[in-house]
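These numbers come from the heavy atoms of this one structure, side chains and all, not from hydrogens, waters or symmetry mates. Chain letters run A, B, ... following the sequence lines, proteins first, then strands; residues in each count from 1.
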2 protein chains.
Amino acid sequence: MPAQRADARRNYERILAVAEEEVAAHGADASLEQIARTAGVGSATVRRHFPTRSALLEAVFRERIEVLAARARELAKAEDVRAALLEWLGELTVYSASVQGLATALLRTGELAPEHANPCVNTLTEAGGPLLRRAERAGVMAPGATAVDLVTLIAGIALATQHHPDPATEADRLLGLAVAGISPRG
Amino acid sequence: MPAQRADARRNYERILAVAEEEVAAHGADASLEQIARTAGVGSATVRRHFPTRSALLEAVFRERIEVLAARARELAKAEDVRAALLEWLGELTVYSASVQGLATALLRTGELAPEHANPCVNTLTEAGGPLLRRAERAGVMAPGATAVDLVTLIAGIALATQHHPDPATEADRLLGLAVAGISPRG
DNA sequence: GTACGATACGGAGGACCCCGCCACTTAGCA
DNA sequence: TGCTAAGTGGCGGGGTCCTCCGTATCGTAC
């Protein structure tokens with residue numbers, strides 16, 4: 001007894017596939033209408049499978065987020081604690097800055113669902129948590145910074161550099177600044 | 001021989017005044033149509049005075065930007081170099097985070113005019129430059145960070161926190177992180 | 001005081017988008 | 001094979017942005 005009919009599932013997949021291309025091309029505010037058209041379904045069907053734009057973005061980036069989360073878990077075992085932390089933050093930054101719309105998706109934190117926030121952010125912070133705590137214990141990270149803080153900061157950097165000719169490089173440079181500290185001595 | 005007709009100037013003022021309220025209420029993507037309606041002019045007139053959305057935002061925030069620039073010039077004379085720097089960055093952050101649309105305006109750097117960029121950013125960076133260079137010379141700021149970098153970073157933080165319940169506080173906290181450094185020892 | 005020309009205006013219309021509704025199709029069970 | 005509910009898609013309403021063009025108005029020259 002499938003909770004979902006076969007054709008529904010098929011449409012879901014089609015829409016998601018098209019949405020990936022469309023978002024890659026036009027960023028977070030790609031046209032849902034256009035996605036429906038390309039997928040060969042009615043616009044209502046898109047809305048049925050993805051009630052909000054955030055829901056769609058979230059689904060689109062799910063896999064990529066998983067990759068980053070897996071990377072965090074892997075790096076949590078690395079020998080050089082600080083290097084591992086920086087590596088992860090760097091990858092997160094480059095990813096967010098180069099993939100159109102990802103940063104926006106990361107920040108569209110449950111505006112309407114105050115509770116369980118954004119699953120993307122959740123996945124990321126849960127996976128990154130241990131990595132960060134380890135760094136904090138080792139004294140190579142500023143205390144008081146949560147995973148959410150870092151993800152937010154990085155998403156902000158990505159957003160701020162998205163109109164730059166070379167977003168990834170620029171974002172990474174700004175991250176470097178924030179990592180080293182703008183004015184560290186205090 | 002006025003370069004501009006009196007009624008045109010009047011309309012300009014009206015539109016700008018309405019735009020200020022509208023942007024304050026709805027952020028950077030306030031409806032131009034709505035602004036025109038409230039101002040009692042045709043939508044074409046709005047577009048005539050402000051060819052692009054960026055142009056309108058720029059005009060809306062001009063005065064506030066001036067205030068921040070003046071503050072930078074003032075702080076450049078302060079005794080405690082580092083405190084002055086941090087004070088300015090903090091004010092810039094709180095401003096950007098609390099005034100709807102300001103951060104967006106700051107980042108909408110001349111997407112179509114590659115040359116003279118965004119006048120807002122220009123004003124800000126020119127005014128902030130001396131302050132930063134002084135800090136750099138005094139060794140209380142990371143070398144290699146330009147004024148544009150800092151403005152970009154701060155605008156990014158503001159964007160990232162704009163959906164937070166208390167944007168200004170949150171933004172300031174994140175700025176603190178970036179100032180102290182996420183992982184300063186290197 | 002009037003007539004004229006440049007300047008500025010605003011509404012109409014096209015293209016697009018999001019959204020909700022509702023009659024219709026179709027998959028999957030009996 | 002037939003039935004039923006899940007699933008679909010198109011249509012209409014409301015909104016936005018943007019452009020074009022006939023018209024009203026300002027400022028001036030007479």
Please round to the nearest 0.5 Å and tell me the distance separating atom [atom1] of [X] and atom [atom2] of [Y].
| X | Y | atom1 | atom2 | value |
| --- | --- | --- | --- | --- |
| A:Leu92 | A:Glu87 | CG | CD | 11.5 Å |
| B:Ile157 | A:Ile157 | CD1 | CD1 | 7.5 Å |
| B:Asn11 | B:Arg5 | CG | CZ | 10.0 Å |

Exercise. Are the charged groups of B:Glu136 and B:Arg133 less than 4.0 angstrom apart, N to O?
Worked result: no

For this session: In plain terms, say whether A:Arg10 and A:Glu13 are close enough for a salt bridge, that is, a side-chain N and a carboxylate O under 4.0 Å apart.
Result: no

Report the distance from atom [atom1] of [X] to atom [atom2] of [N], rounded to the nearest whole Å.
| X | N | atom1 | atom2 | result |
| --- | --- | --- | --- | --- |
| B:Gln34 | D:dC17 | CD | C1' | 14 Å |
| B:Gln4 | D:dT28 | CD | C1' | 18 Å |
| A:Glu33 | D:dC11 | CD | C1' | 12 Å |

For the residue pair [X] and [Y], what are the closest heavy atoms and their distance?
| X | Y | answer |
| --- | --- | --- |
| B:Ser98 | B:Ala168 | CB-CB, 4.4 Å |
| A:Arg134 | A:Ala84 | NH2-CB, 4.2 Å |
| A:Phe50 | A:Ala55 | CD2-O, 4.0 Å |
| B:Ala30 | B:Glu22 | CB-O, 3.9 Å |

For this session: Would you tell me whether A:Asp149 and A:Thr152 have side-chain atoms, one donor and one acceptor, within less than 3.5 Å of each other?
Result: no

For this session: With heavy atoms under 4.0 Å as the rule, sort A:Arg9 into base, sugar-phosphate or nothing.
Result: nothing

Exercise. Base, sugar-phosphate alone, or nothing: which one does B:Arg53 contact when heavy atoms must sit under 4.0 Å apart?
Worked result: sugar-phosphate

For this session: For A:His164, check ring pair (Phe, Tyr, Trp, His ring centres under 6.0 Å) against everything at least two apart and list the hits.
Result: none

Problem set entry | Stems involving DNA chain D, each a run of at least 3 consecutive Watson-Crick or G-U pairs under 3.5 Å | C:1-30 with D:1-30

Table of protein N/O atoms under 3.5 Å from nucleotides 24-27 of chain C N/O atoms:
| from | atom 1 | to | atom 2 | distance (Å) |
| --- | --- | --- | --- | --- |
| C:dT26 | O2 | A:Arg5 | NH1 | 3.4 |

For this session: For B:Leu32 and for A:Ala8, find the nucleotide of DNA chain D with the closest heavy atom, then tell me which residue's nucleotide is more 5'.
Result: A:Ala8

For this session: May I ask you to evaluate whether B:Ser31 reaches the phosphate of D:dG15, defined as a side-chain N or O under 4.0 Å from OP1 or OP2?
Result: no

Exercise. Closer than 4.0 Å, any side-chain N/O of A:Asn11 to the OP1 or OP2 of D:dG7?
Worked result: no

For this session: Would you jot down, in residue-number order, the residues of residues 12-25 of chain A having a non-hydrogen atom under 4.0 Å from DNA chain D?
Result: none

Exercise. For residues 42-50 of chain B, which residues have at least one heavy atom under 4.0 Å from DNA chain D?
Worked result: B:Ser43, B:Ala44, B:Arg47

For this session: Test A:Leu106 against every option in A:Leu159, A:Ile154, A:Ile65 by the side-chain contact (heavy atoms from CB on, under 4.5 Å) rule and name the one that passes.
Result: A:Ile65

For this session: Check side-chain contact (heavy atoms from CB on, under 4.5 Å) between A:Arg53 and all other residues, then give those that pass, not counting sequence neighbours.
Result: A:Asp29, A:Leu32, A:Leu57, A:Arg108

